[in-house]
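Predicted model only: the values in this text are computed from it and were never measured.
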Amino acid sequence: MTAYPHYRRARPAHKGRLIYLSRKGIVMLDLFFILIAIGLGSANSGSGDTAAGPGATKTVESGASPQSYAAEPQVPTGKFTTATEIKPIMNATRANWVAVREFDGNDLIYMTHILSWRCGMVGLRYAINGGPMQDWPLADCDEDSAQPNAIPQDATIFEVHPLGSIAAVEVEIIYDDLSRDTARFDRKSILMP
């Protein structure tokens with residue numbers, strides 16, 4: 001063991017076999033996972049648009065009137081406030097974007113998961129049962145805070161609908177680089193117990 005000081009001894013894996021990992025190997029493994037995360041983040045796995053450069057604008061039809069959004073710089077902050085930082089998370093957690101709960105004789109539709117990552121978004125739209133897309137209000141981001149994505153107490157996190165009326169929900173996220181991701185969920189897949 002002393003002949004190889006740059007190796008460390010791991011616990012026995014199985015019946016006395018030893019695994020030796022060099023520090024260089026651990027760093028390479030970390031780099032490998034980082035590259036995978038970047039690759040997943042840049043791949044648009046949904047029906048998302050390609051990202052626009054900073055300063056670009058895009059008009060999005062929203063209900064009766066179109067809304068214009070401007071692309072924001074994509075400088076990673078480590079606080080998950082840009083599309084570059086949140087896209088890998090949103091893609092990995094797509095099944096958790098929305099939830100429906102039967103409560104007090106009503107259907108409640110929750111957008112809490114999406115709202116937890118809203119700082120990398122400029123818009124959130126949804127449609128129920130194939131109806132027209134509607135805007136969901138996004139609370140402002142407090143970028144001076146240690147937790148800029150923390151949901152403010154006065155934020156709208158759910159909406160009330162008649163019991164059993166939500167059969168399907170379609171969601172569109174508009175990121176701050178002006179790319180989009182969409183997903184469609186049936187009631188059974190998002191109904192909370």
Looking only at non-hydrogen atoms, find the nearest pair between [X] and [Y] and report the distance.
X	Y	value
Thr182	Arg94	O-NH1, 3.1 Å
His113	Asn96	CB-O, 3.1 Å
Ser116	Ile151	OG-CD1, 3.7 Å
Ala127	Gly131	CB-O, 3.2 Å
Asn149	Phe80	ND2-O, 2.9 Å

Item to check | CD-OH distance between Glu172 and Tyr126, expressed to the nearest 0.5 angstrom | outcome: 13.5 Å
Next on the checklist: For the CD1 atom of Ile174 and the CG atom of Asp135, what is their distance to the nearest 0.5 Å?
Outcome noted: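 One gets 7.5 Å once the value is rounded to the nearest 0.5 Å.
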With hydrophobic residues grouped by side-chain heavy-atom distances under 4.5 Å, do [X] and [Y] end up in a single group?
X	Y	value
Val169	Ile157	yes
Val171	Tyr110	yes
Leu178	Met121	no

Is the closest side-chain heavy-atom distance between [X] and [Y] below 4.5 Å?
X	Y	answer
Glu85	Trp117	no
Met192	Leu108	no
Val100	His161	no
Ile114	Met90	yes
Leu115	Trp136	yes
Glu159	Met111	no
Asn106	Leu163	no

Checklist outcome for this item: Which of Leu191, Val98, Ile109 passes side-chain contact (heavy atoms from CB on, under 4.5 Å) with Ile166? It is Ile109
Item to check | Sequence neighbours excluded, every pair satisfying salt bridge (Lys or Arg N to Asp or Glu O under 4.0 Å) that has a member inside residues 95-110 | outcome: Glu102-Arg187, Asp107-Arg187
Is a side-chain donor or acceptor of [X] paired with a backbone partner of [Y] at a separation under 3.5 angstrom?
X	Y	value
Arg118	Ala139	yes
Ser179	Tyr175	no
Asn129	Ser165	yes

Checklist outcome for this item: Sequence neighbours excluded, the answer for side chain to side chain donor-acceptor pair (under 3.5 Å) partners of Thr112 is none
